[in-house]
Structure formats: C-alpha cells, structure tokens
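Naming convention: chains lettered A, B, ... in sequence-line order (proteins, then strands); numbering from 1 in each chain.
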2 protein chains.
Amino acid sequence: MVKMADVAREAGVSVMTVSNVLNERIPVGEPTRARVMAAVEALGYEVNLTARNLRAGRTDTVALVVPSFHDYFGELADEVAPLIEAGGRHLVLERTSANAEQEMEALSVARLQIYDGVLLSIAGLDLELLGRVRTTKPIVLLGERDVPDHFNHVRLANESGARLATAHMIEHGARRILALGCAFDAAHVMATDRRVGWERAHHAAGLEVDPALVVPVGDYTSLSAYETMREVIARGTAFDGVFAVTDIVALGALSALVESGLRVPVDVQLAGFDNLDMSRFIPPGITSVDANHKGVAEAAVGLLQRQMEGRAGPAEHLVEPVRLVVRGSTRGGA
Amino acid sequence: MVKMADVAREAGVSVMTVSNVLNERIPVGEPTRARVMAAVEALGYEVNLTARNLRAGRTDTVALVVPSFHDYFGELADEVAPLIEAGGRHLVLERTSANAEQEMEALSVARLQIYDGVLLSIAGLDLELLGRVRTTKPIVLLGERDVPDHFNHVRLANESGARLATAHMIEHGARRILALGCAFDAAHVMATDRRVGWERAHHAAGLEVDPALVVPVGDYTSLSAYETMREVIARGTAFDGVFAVTDIVALGALSALVESGLRVPVDVQLAGFDNLDMSRFIPPGITSVDANHKGVAEAAVGLLQRQMEGRAGPAEHLVEPVRLVVRGSTRGGA
DNA sequence: CTGTTAGCGCTTTCAT
DNA sequence: ATGAAAGCGCTAACAG
C-alpha cells in the first residue's frame, strides 16, 4: 500500500508538505504543490482514513442507525444521505433489528468513536436504558419514544396525524373505525400516541369510542395485519373504517378486506400512516398521513450538524408536523 | 477517554496483558484476568476501534454498497445482515445513487481499506471502468451487469425468470404482452436480459414477438411506469398482458390499468419481477418472479467470506435461480 | 504466563 | 514556506 512517505520521497519533499498539500491546511508554494500532486497521481496515493482518524479524531462519516433497512427507514435514509453529503461527510447505515441490546451497542463508546455523529432511530430502547448513555459525541435520536431531556430528538406529530386521518373518515360517514395496530401500553409509544389521536378525533366529533375497536398487530408486518384483519372479519365485528397504524399495516388490511369481498371505500374506508411511495399506487390509492421524511431528515441533520460544528446549545426536542394525503381508499378521495 | 494504559495501571499489569485478556488471544492467568476485567468495568473502558484497526489491519466490518436504500436493496440488505453477523462481523450500508462515479469511489483505495470486505451492487459501472479497479481486498459484485472475469460476481437468472413469467401469461391466454421497462440496449443489461426472456417465451410457444410491445420506462419508478402505461393506453395500443421489469414498475402499471377501467387479470394479466414483500398483498396479488434474496445473499456472503478467510481460489460467477410466484394478477392465480 | 519494544500512517506542534 | 520530532491507542513479535 502506497503511503504518504512514498509520495514525499517521489516528490522530494517531507511528509508534512504532502499532508499540507492534501489537506489545504497551510499554504504551500505552487511549484512544490504541483510536484506533490504529480507524485500523488503517479503513485495512485490515497490517504489512509484509519490513520487520519486515529491522529485527527475525525472520520467525516455519520451513521444512521435504524431498526431495519426496509420501507420507512429506507425512504428516510434516502432523504438523509444527500443532506449529510452536502456537509462534506459520508453517510453509512447500520441496523439494529429493533433490538434494545443492539441499539445500546450502537451508542457504545467503541462505535461512537468511529463516527463524527450518529442518528439513531430508536425502537427498542426505553428512557431508563437511554439515561445510562453518557457521551459527548454528537447524537440525534429519531422516533416516537420518549427520551431523556439531554438528547436532541426529532419525532413526528403522531397524535395529530392519527386525528387527521380519523376525522377525515368520520367526516365521510364512518362511525365504527378500527384502530388497527394501535395500543394502550407504554411499551408501544407510537401505537399508543396514534390511538390517542384516533380517540380525540371521535371526541371532537362528539362520538364515543369503543375500546374493542383497538386491535393490536403483533409485529407490524403486512402479514400480521392481514391475519389480524381476517380474524376480525371472521369474528363478525362490525366496522366501516380502518385506521392503520402504518401503511405496511394498511396494506395487509387492504388485502384481507378485498379478499373478504369488502369494497374499499364503499363498505370500509381505510387510512394509513407514513405515506410510503407505494401507497399512492396501490389501487384504489391509500389515504395516508405523510410522515414528512424530508422534514424529519432536515431537522435531524440540522441538529446533528450543529453539534458536530461545535455550536451546541441546549438539546432540542422537535416534533415535525404531518399532513393527510387523501386518496381513493377513503370517501373524500378522487 | 479512558484508554488501555489506564486499565493496565488500575489493574497493576502491563498494557499487553489487558490486550490479551480482551482479545482472548493468549491465555492469561485467572487471577490476573479477573483483576483486568474488574478494572475494565470500573473505568468503563472500551477498545478504540480506530487504533486497533490501524495496528491490526482489520475492522471486522463489511460494507454493502447499493444504488439506493429503497425496496429491493433494503430487502436484500436485511437478508445479508444476519449472515455477516454470524461471521462475527458488522455490516454497514452505503449508497451510490446508481452513479458510476460514486460506485468507483466505493471501490477506491481509501474506502476499501476501512472495510474487511465489500459487497457492491453495481448499477452504473461498466466493464471498462471496473476493469481499471485493481485491489486485493475481498470484493463481491452483485447485479445484472457484465463484470471482468477476475471479480467474484452473483447475479440473477434474469432471462429465465422473464421467460417463466411470460410463458405463464401466454399459457393463460395472453397474446399481446407488453414488455414494460424492458430494453434493447447494452446500457441496460438487466432490462435487456429480461426482454430476451420475454422473447424466448414467445418463441417457445410458437408465437411471434412484436417489438412495438417493448416499452422502456425512464427511471424504473412506479411513477414513470404509471405515466408510461397511461400513454400506452391512450395511444390505443392493443395488449392483454404486461410483463413489468420489476415489481415497482408493475405497481405503477397496475395503478394506471385500474384507473383506466381495465380489469386485472380479466382484461389484462400482469406479472412483475423481484417478488417484493408488498407484492403478495397488493390486490389482487401481483404474480412475480422471486428474486431469491436469500440465495443471492448466501452466495454473495459465502464468496466474500471465502476471500476474507484467505482461502481465495479463482473468481466465481454465480447465477442464482429464480422461481415464479403466481398470484391473482394473472389468470393462473388463486 | 507476563512484560518490553517497536511501529501501523498520519497530523500536531514547534523549529527553521 | 518547509521540515523534524513526537505520539494518537493499539497489537505483533519476541524476551523473560
């Protein structure tokens, strides 16, 4: 492997001069500079990032750590990447399988030191575990759980989004709206927040809510949602709307509804959350709360860059607004 | 930052002993070992990966470099991750935007040296550019382009998959099958291979192919596919089947078909390629060629691990088999 | 089994 | 404007 010393020898200068040319730190005389560049070209030299990192304490790399590479996170990552690159840094993705242990590991000293900053999408970690993390590395937490105050945090307006979607279906005549994938327990903060939105929409319309309509979905896959929906239908539960906690869940539900001969939106209205790319195209078009990837990405990267540039300030807790995108799966749709 | 020397002092041993305890390289006496571990705990020490990397020349990290984090690649990545982890290494994802320049950069000396191995999904690079890459780092290329012989390479049986899907629709009565997103030019190897499969299915059934039915789709998004499909319909082209080059393209097509009042599969049969998770659930279920993520992931990781373990052997070029998954969008479906 | 010595490739600091 | 020396934190190799 060709190293800086090789370039220096080739150009007849010291290593330090090569370093200065490459990093443009200290002005270097033009002829010297040209000789160095020629040597770099000739030898095909490239800096050893590990060595630079050890000495300079900087990797120019940011990690986005997500529960899985699928769907929502894939779309978010594609939004984050250009923003990080615009700041002259590199983005890499890591995956935790929504597993608390692996999320903690992502925040371990060992991992943090190899990145200039970390965006961590939390799925498994709770307040207590997060509270134990002590680090001065730039970190921004993403996602719908509560986090200790001293962390920067970006989340979605879950409750408001769920309220919008539910209110929209109520407005168009739905009276028994399933809260599919929603929850009552603190362990599922997102599912609980969205259930609260679903409730508030009812109250705002002067309607009662039936807790029996809150139906959890095991692992938030389309398959679980499909199976759950089939059971609900088989059980004979009466409903004329479905608010699905995510678009992936909505898709599973749609499949079950269609298979059971229920027409969407005539017999049952359906709305999801996330507004995945696909939701626009799945007939009849899935009405969905847009998860505002762009807003989340910009807010998170902004917060991270502020820390990486050293102008920290107190931790912020941002709630990104969401909006409803109406499509054919609800009666207001085209 | 607490370092190894701090632990050594605390435990009253040398740095080397700490290193040996932590890496379990050389047996260490139990009492010493216990003292070291106690010191590690007490100080909250964690190894500096950068320093280890610089000295040991190993990062225990593999990069999967993909054009985008979306859909197909997200699913593939979720398949690759556990295999890499089973080998005691870490997987990170990087993204190239399907851009030749960024793909070359992923293969640059600088990036390669920070990983023990790289899985590169090529989208933009051609033979000529790839031929210039000279490295001894373990690399496996993924994807549907031709690559220089000396690279390990895993690809799908594109032609055979396209043939299966097309033959299935012919068998069920389709006679004018659009090859949506397929191509004739060498720049789109995958789209061209799949077109060849579409042709061969016709020939095998004793049918002529109409080249006018090969309709390219700009950027392989659902949106482009939707727009293209609308145009084809508006133009009055007669067709009774659509072979879409990917499921994402199939989804866009489905949306346009339904919007135009064409019934799937009664008026038009539809098949895609990739068998994305969603394809099963999108009513009426999209018949699709399964892209065999698992097979691709296993083959690629196997080839990579062979190289990383030093038992190299000549480069292999694997073609992973595919199979057709029949669903409601074709007449053979449930 | 434990410790000493050397050095991975680079950048910081300070001298020229 | 350029260079020499020192050392980031760790591990390979060898000595005791």
Side-chain angles (χ1 to χ4, degrees), chain A residues 1-40 43-61 108-116 137, chain B residues 1-40 43-61 108-116 136-137 310:
Chain A
M1 195 86 305
V2 31
K3 63 179 87 159
M4 217 177 239
D6 300 324
V7 176
R9 196 175 334 100
E10 173 86 8
V13 297
S14 76
V15 237
M16 219 33 245
T17 301
V18 177
S19 176
N20 285 332
V21 169
L22 261 30
N23 293 297
E24 298 177 340
R25 246 168 40 88
I26 292 175
V28 173
E30 187 44 41
T32 318
R33 173 197 179 67
R35 280 218 313 293
V36 169
M37 290 313 284
V40 166
L43 301 180
Y45 171 76
E46 295 191 47
V47 65
N48 181 323
L49 296 173
T50 306
R52 167 182 287 174
N53 179 212
L54 179 58
R55 189 64 244 232
R58 148 184 73 93
T59 55
D60 295 329
T61 302
S108 73
V109 182
R111 320 280 4 242
L112 286 174
Q113 67 196 180
I114 71 174
Y115 297 117
D116 289 352
K137 271 278 170 172
Chain B
M1 196 88 300
V2 31
K3 63 179 86 162
M4 218 176 238
D6 299 325
V7 176
R9 195 177 334 103
E10 174 86 8
V13 297
S14 77
V15 224
M16 214 39 238
T17 301
V18 179
S19 175
N20 285 333
V21 169
L22 262 30
N23 293 296
E24 298 176 339
R25 242 169 42 90
I26 293 176
V28 173
E30 187 43 41
T32 317
R33 171 198 182 66
R35 281 217 314 292
V36 169
M37 289 313 283
V40 166
L43 301 180
Y45 170 76
E46 296 192 47
V47 63
N48 181 324
L49 295 174
T50 306
R52 166 182 289 174
N53 178 211
L54 179 60
R55 184 66 246 231
R58 144 185 76 91
T59 55
D60 295 330
T61 302
S108 73
V109 183
R111 314 250 37 152
L112 286 174
Q113 67 195 183
I114 69 176
Y115 297 118
D116 288 354
T136 57
K137 272 276 168 169

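- B:Asn48 is listed as a side-chain neighbour of A:Gln113, based on a closest heavy-atom distance under 4.5 Å.
- In this structure, the CD1 atom of B:Ile114 is 16 Å from the P atom of C:dG9, given to the nearest Å.
- Looking at A:Lys137, its side chain does come within 3.5 Å of a backbone N or O of A:Tyr115 through a donor-acceptor pair.
- With sequence neighbours excluded, the residues forming a side-chain hydrogen bond (donor to acceptor under 3.5 Å, both in side chains) with B:Asp60 are B:Arg58, listed by chain and number.
- In this structure the side chain of B:Val40 reaches within 4.5 angstrom of the side chain of B:Leu22, judged on heavy atoms.
- Scored by the side-chain hydrogen bond (donor to acceptor under 3.5 Å, both in side chains) test, B:Asp6 finds B:Arg9 as partners (sequence neighbours excluded).
- Residue whose closest nucleotide on DNA chain C sits further toward the 5' end, between B:Arg33 and A:Arg25: B:Arg33.
- Partners of A:Arg111 under the salt bridge (Lys or Arg N to Asp or Glu O under 4.0 Å) rule, at least two apart in sequence or in another chain, are A:Glu94.
- When DNA chain D is scanned in the 5' to 3' direction for atoms under 4.0 Å from non-hydrogen atoms of chain B, the outermost contacting nucleotides are D:dG9 to D:dA13.
- OP1 and OP2 of C:dG9 both lie 4.0 Å or more from every side-chain N or O belonging to A:Tyr45.
- Not counting sequence neighbours, A:Thr61 has no partner by the side-chain hydrogen bond (donor to acceptor under 3.5 Å, both in side chains) test.
- If you take CZ of B:Arg52 and C1' of C:dG9, they are 19 Å apart, rounded to a whole angstrom.
- Residue B:Thr32 has a polar side-chain atom (N or O) positioned under 4.0 Å from OP1 or OP2 of C:dT2.
- As a whole-Å value, the separation of B:Asn53 CG from C:dG9 P is 11 Å.
- Annotation: side chain to side chain contact (heavy atoms under 4.5 Å, CB included) contacts of A:Val47 (sequence neighbours excluded): A:Tyr45, A:Leu49, A:Arg52.
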Name the pairs: protein N/O against N/O of nucleotides 4-6 of chain C, kept only if under 3.5 Å.
none

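- Axis angle across the helix from C:dC1-D:dG16 to C:dT16-D:dA1, with five pairs used at each end and values rounded to 10°: 30°.
- The residue among A:Val13 and B:Asn23 whose nearest nucleotide of DNA chain D is located toward the 5' end is A:Val13.
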Distances for protein N or O near nucleotides 14-16 of chain C N or O, under 3.5 Å:
none

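- Enclosure of atom CE in B:Met37 is not indicated, since only 12 or fewer non-hydrogen atoms of other residues, nucleotides or ligands lie within 6.0 angstrom.
- Considering only residues two or more places apart in sequence or on other chains, B:Arg35 meets the salt bridge (Lys or Arg N to Asp or Glu O under 4.0 Å) condition with none of them.
- At distances below 3.5 Å, at least one donor-acceptor pair connects side-chain atoms of B:Thr59 with backbone N or O atoms of B:Ile114.
- Partners of A:Glu24 under the salt bridge (Lys or Arg N to Asp or Glu O under 4.0 Å) rule, at least two apart in sequence or in another chain, do not exist in this structure.
- Atom CG in A:Asn20 sits about 12 Å away from atom C1' in C:dT13, given to the nearest Å.
- B:Thr32 is linked by a side-chain hydrogen bond (donor to acceptor under 3.5 Å, both in side chains) to nothing, counting only residues two or more places apart in sequence or in another chain.
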